[in-house]
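Residue numbers begin at 1 in each chain, while the letters A, B, ... track the order of the sequences. All of these numbers come straight from a predicted model, not from anything done at the bench.
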Number of protein chains: 2
Amino acid sequence: MSNNESMEMYLETVYLLENDHGHSHVVDIAKTLGVSKPSVTKAIKQLKDLGYVHTEKYGTITLTDKGREVSREIYENHRLIELFLQHSLDLPADEASYNACKMEHVISEKMLAAIRNYMEKNSIEVKSEFEKENETDIQNKL
Amino acid sequence: MSNNESMEMYLETVYLLENDHGHSHVVDIAKTLGVSKPSVTKAIKQLKDLGYVHTEKYGTITLTDKGREVSREIYENHRLIELFLQHSLDLPADEASYNACKMEHVISEKMLAAIRNYMEKNSIEVKSEFEKENETDIQNKL
DNA sequence: TGAAAATGTTAGCCTAGACTAACTTTTATA
DNA sequence: TATAAAAGTTAGTCTAGGCTAACATTTTCA
């Protein structure tokens with residue numbers, strides 16, 4: 001799973017949708033990511049083969065425990081990077097989120113560790129959006 | 001040309017090789033990027049079609065004025081990001097370079113501007129490696 | 001409740017960007 | 001200087017990750 005931008009985006013989207021609605025649907029994932037339904041079906045099949053999601057034919061998609069763990073980590077890294085960009089570069093929220101989305105799939109473990117260290121030193125608390133409030137615009141989180 | 005990681009890497013490599021030796025060869029590009037010679041031939045053909053390089057059959061590869069301008073900008077952005085990572089996160093040079101290499105192809109113009117602003121505020125001078133010294137290990141610059 | 005709309009799937013196509021095998025041309029050297 | 005080695009090219013293959021068209025299933029609601 002490491003270092004696969006496309007799959008990480010699908011997994012992260014499933015995670016966000018599930019946090020909002022308890023499960024996700026092909027059509028919602030397609031809309032969120034701006035891809036076609038068949039692309040989603042194909043990707044979800046791969047996530048299933050990897051043991052990250054459970055699906056029922058013509059039914060809903062839910063994360064397995066493993067999938068939830070991995071996707072939570074992906075999303076938390078996204079948040080971490082996002083807050084780092086806001087704090088260090090004073091980027092507005094939307095720009096920070098956009099760039100975090102691009103960066104999260106490519107930067108090294110050491111750089112992530114360095115960002116965590118930076119946040120700690122500057123006493124910046126990194127908490128999930130979900131702990132803060134009830135948002136519904138998932139696109140803003142990707 | 002915008003936002004094409006692969007082509008940007010080829011162009012940047014041509015730029016670095018040319019700065020070191022006055023021109024570049026398929027085989028050197030292949031070694032630097034860790035790809036096969038046919039992959040380089042194909043990529044260079046595309047760069048030629050875009051007007052970025054000049055080639056002679058079975059001969060050397062050189063940048064056009066346009067190509068030099070674009071590749072210098074790519075490389076300078078790489079350096080900018082690299083120094084930002086070193087300064088803000090205290091990343092060692094090799095880690096900073098590695099992550100700059102990944103980030104340079106994906107981050108937004110606004111984020112680049114914010115980094116420039118950061119460097120200025122902190123009085124960090126961004127100069128090319130070439131102005132500093134005579135290095136030959138190009139891999140370290142990518 | 002049955003037909004239309006929405007949703008999900010399958011099959012097949014396309015492109016980018018890698019690769020190997022085999023060939024051509026150039027360079028180096030015995 | 002002839003030939004082996006090195007460098008470059010061409011042709012064809014593969015994979016990932018998109019897409020559309022067509023079909024299957026489920027849901028909605030008149």
Check: Below 4.0 angstrom, N of the basic side chain to O of the carboxylate: do A:E76 and A:R79 qualify?
Finding: no

Nearest heavy-atom contact between A:I44 and A:V53 is O-CG2, 3.9 Å

With sugar-phosphate taken as primed atoms, P, OP1 and OP2 and all else as base, the protein-contact string of nucleotides 12-17 of chain D at under 4.0 Å (heavy atoms; B, S, -) is -----B

Between A:K66 and A:L50 the two heavy atoms that sit nearest each other are NZ-O, 2.9 Å

inquiry  = When you group the ILVMFWY residues by side-chain heavy-atom contacts below 4.5 Å and let the links chain together, are B:V126 and B:L112 in the same group?
reply    = yes

Here the pair of heavy atoms bringing A:A114 nearest to B:L91 is CB-CD2, 3.7 Å

- Task: May I ask you to verify if any side-chain N or O of A:S39 is less than 4.0 angstrom from the OP1 or OP2 atom of D:dG18?
- Result: no

Mind checking whether B:H87 and B:Y118 have parallel, tilted or perpendicular rings, split at 30° and 60°? perpendicular

From NZ of B:K57 across to P of C:dT24 the rounded distance in Å is 11 Å

Considering just the side-chain nitrogens and oxygens of A:S36, establish if one lies under 4.0 Å of OP1 or OP2 belonging to D:dG18.
no

Heavy atoms of B:R116 and B:L80 approach each other most closely as CG-CD2, 3.6 Å

Q: Ignoring backbone atoms, test whether B:T41 places a side-chain nitrogen or oxygen under 4.0 Å from the OP1 or OP2 oxygen of D:dG8.
A: no

Separation of D:dA7 atom P from B:H23 atom NE2, nearest Å, is 12 Å

Taken to the nearest whole Å, CD1/A:I29 to C1'/C:dG8 is 11 Å

- Step through the shown structure and confirm whether more than 12 heavy atoms of other residues, nucleotides or ligands are within 6.0 Å of CG on A:D65. no

A:E56 atom CD is separated from D:dT26 atom C1', nearest whole Å, by 13 Å

Got a list of protein N/O to nucleotides 1-7 of chain C N/O distances below 3.5 Å?
none

* Main-chain N/O of A:I74 paired to A:H78 side chain as donor or acceptor, under 3.5 Å -> no

Atom NZ of B:K45 and atom P of D:dG8 are separated, to the nearest Å, by 14 Å

